[in-house]
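Here the structure comes first, spelled out in structure tokens, and everything after it is commentary.
For the numbers below, each heavy atom of this structure counts, side chains included, while hydrogens, waters and symmetry mates do not. Keep in mind the model is a prediction, meaning the values are calculated, not measured.
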Amino acid sequence: MTPTTANRRLRIGIGGIGIESSTFCPHRSTTDDFRRTRGQDLLDRYTWTQPGSDLAATVEWVPLLHATSLPGGPVEAQSYLTLKDELVTRIRNAGPLDGLVYDIHGAMSVVGLTDAEADLTEAVRTALDSVGTPDGTGRPMISAAMDLHGNVSRRFAEPVDLLTAHRLAPHEDAWETRERAARNLVRCLLDGTRPHRAWVQIPVLLPGEKTSTRLEPAKSLYASLADIERLPGILDAALWVGYAWADEPRCQAAVVVTGDDAERAATEAGQLARRYWDARRDFVFVGPTGTAEECVERAVTSTRRPFLISDSGDNPTAGGAGDLAYMLRKLLGHDAIRTGKVTAVHPGITDPAAVAQCFAAGVGAQVTLSVGGKVDTHHGGPYELTGTVVALQRATDRKDRAEGGAYDRGVDMAAVRTGGLTVILVERRKPFHTLADFMGPEEGGLGIDPRTYDIVAVKIGYLEPELYDMAADWLLALTPGGVDQDLPRLGHHRVARPLYPFDEDAYDAGEGPDLTPVVLAPLAG
């Protein structure tokens, strides 16, 4: 311990704002979309804040505000200011702090801003500096825990002492990432060290469905991070693939290596960035792909059940509107499904009016609904669906469920069957990642077991673990929407250029981009 901390517990705040925002999605996120956690509820989120943790005698954890939302469109300006002001005010009212565990995502877009995380972090840094540390010396440290699909601009990185990110996609290590950020912070505070950060961006922007750590080259690249941080003088190594569905200059891959040895940190950051750049053409989709029509046809003719299809372009957990009827139209366009020879379930089309109509009609009633296409109106519009209401579920009967730091708030749901297809409609955007999302009712589902259907067409990208284990086979449908996998089709025009894959051959004639890391000096103590 340093002399100033030897005789007292550290005071460390916890807070942050997290959302993944597609600027190509017409949905707008508001404060109503965020789950805001404070006080003891915030401390209860983490294992390392509990009285039984080995850190309990060392740290007094100070809960501030943690606000998180299902991914969606950009956050409305006033909603962002409301959340930002609360976080900053709570920091100012918390009194002196040694540091902050900054629990964020890294891909928040806000209407009117080009680098929302930088704007937020500058305000957080100013507030922390204003309260100072308990011993009156030095500056409070910030340790950021991030999603690897976040963005790391230099403006964002400079006010942050420590940065780390997930190392698995899907993010099965989300809670480990937060704990690593907390323990790195405690270690630095106890040792009295303020590390260097070697930062470099890589002009590559790929969707998460091409950078899953289930496959090479991401598997080996991310596995190498633990080896790097075991080197003398290195504390942490992090690699971000960036967020592909925001049209902002900061959106590209990035590396940050943190440590006391600035030269070694820079060397390792540069080598990791070069490996990523050299592998840029080796990244492939995490599963076999096809158009919606191709995927439906292959699923129908397959003998493997259940056969899962990812409706990837309208994935609400990546930022899609979640209300497109595009895949619904393709499923009912196939004779085998329309006539009931093949069964399918298609969950998660957001349409509050259609859900309300189903509740008014009741289970067993025949309804004709105008489904979807009301938020994202650019891909076929609503679909007129006639069928029988087979199940209803009220939001009040559903338990809130934490999922990797995001949350799944209860929603009204209705299931409508026509031919062999069961369509699950939701009154607000909701993911379907687990059996509990479908089944319930103790978990708030509809009593629908997706394993009993021939085809399950889910609004998702790469399959989350439970769906992955469920699938006898699966395809990634390259469908349109706010998180279209075909990035050039979306029309980025504000990203920094040249940028792969938009400018695929830009560097072929030369030595490639300059990947020399910038060493950010330790923030003054």
Side-chain angles (χ1 to χ4, degrees), residues 20 22-24 71 105-107 147-152 165-172 201-225 238-247 250-255 272-292 294-295 308-315 317-320 458-465 467-468 471 474-492 495 498-507 513:
E20 202 172 38
S22 169
T23 61
F24 299 99
H105 182 285
D147 192 301
L148 64 84
H149 297 122
N151 306 295
V152 185
H166 305 336
R167 295 174 180 175
L168 294 175
H171 306 318
E172 297 170 75
Q201 286 185 308
I202 312 161
V204 175
L205 186 62
L206 297 171
E209 283 65 32
K210 276 193 172 182
T211 51
S212 171
T213 55
R214 286 174 177 155
L215 301 178
E216 297 294 354
K219 183 176 182 179
S220 293
L221 284 165
Y222 276 91
S224 73
L225 299 180
L239 170 63
W240 290 261
V241 303
Y243 182 65
W245 297 292
D247 189 14
R250 63 182 180 142
C251 296
Q252 54 186 288
V255 169
L272 181 58
R274 178 57 61 182
R275 292 200 301 274
Y276 192 92
W277 169 258
D278 290 344
R280 67 193 183 281
R281 291 191 173 97
D282 298 331
F283 290 96
V284 295
F285 283 116
V286 69
T289 63
T291 65
E294 290 169 342
C295 290
L308 269 70
I309 300 174
S310 290
D311 180 9
S312 64
D314 195 36
N315 174 14
T317 55
V458 187
K459 290 183 179 292
I460 199 172
Y462 52 62
L463 298 181
E464 293 295 327
L467 296 181
Y468 187 77
W474 79 290
L475 287 168
L476 182 73
L478 302 180
T479 50
V483 289
D484 195 331
Q485 301 291 325
D486 186 346
L487 300 187
R489 184 161 68 182
L490 283 171
H492 292 72
V495 291
L499 181 69
Y500 181 85
F502 305 96
D503 309 294
E504 185 171 357
D505 303 322
Y507 292 99

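Closest of all the heavy-atom pairs between Asn151 and Arg250 is CB-O, 3.7 Å. Nearest heavy-atom pair, Asp247 versus Thr23, reported as atom, atom and distance to 0.1 Å: N-OG1, 2.9 Å. Residues Ala318 and Pro71 approach most closely at C-CB, 3.7 Å, considering heavy atoms.
Remark: side-chain polar atoms of Thr289 are not paired, donor with acceptor, to backbone N or O of Leu476 under 3.5 angstrom. Between the Ser224 side chain and the Leu221 main chain, a donor and an acceptor come within less than 3.5 Å of each other. Put simply, the side chain of Ser212 never gets that close to the backbone of Leu215: no donor and acceptor are under 3.5 Å apart. Between the side chain of Ser312 and the backbone N or O of Ala477 there is at least one donor-acceptor pair closer than 3.5 Å. The backbone N or O of Ala244 sits less than 3.5 Å from a side-chain atom of His492, completing a donor-acceptor pair. Here the side chain of Asp314 pairs no donor or acceptor atom with the backbone of Val483 at under 3.5 angstrom. Looking at Thr211, its side chain never comes within 3.5 Å of a backbone N or O of Val241 through a donor-acceptor pair.
Judged by the 6.0 Å and 45° rule, Arg214 forms a cation-pi pair with Tyr468.
There is a side-chain donor-acceptor pair under 3.5 Å between Asp311 and Thr479.
Take Asp484 and apply the salt bridge (Lys or Arg N to Asp or Glu O under 4.0 Å) test, not counting sequence neighbours, and it matches Arg489. For Tyr462, there are no ring-ring contact (aromatic ring centres under 6.0 Å, His included) partners two or more places apart in sequence or in a different chain.
To the nearest 0.5 Å, atom CG of residue Asp147 and atom OH of residue Tyr243 are 10.5 Å apart. We find the NE2-SG distance between His149 and Cys251 to be 12.5 Å, quoted to the nearest 0.5 Å. Between the CG atom in Asp282 and the CD atom in Glu216 there is a gap of 9.5 Å [rounded to 0.5 Å].
In this structure, Pro203 and Pro498 have side chains that are not in contact, with every pair of non-hydrogen atoms separated by 4.5 Å or more. At least one side-chain heavy atom of Leu463 sits less than 4.5 Å from a side-chain heavy atom of Trp474.
We find that Arg281 and Asp505 are joined by a salt bridge, their nearest charged nitrogen and carboxylate oxygen being less than 4.0 Å apart.
Under the 30°/60° scheme for interplanar angles, the aromatic rings of Tyr500 and Trp277 are found to stand perpendicular.
Proximity of the aromatic rings of His166 and Tyr222 is defined here by a centroid distance below 6.0 angstrom, and this criterion is not met.
With Gln485 as the fixed residue, the side chain to side chain contact (heavy atoms under 4.5 Å, CB included) test singles out one of Pro480, Pro207, Ser310: Pro207.
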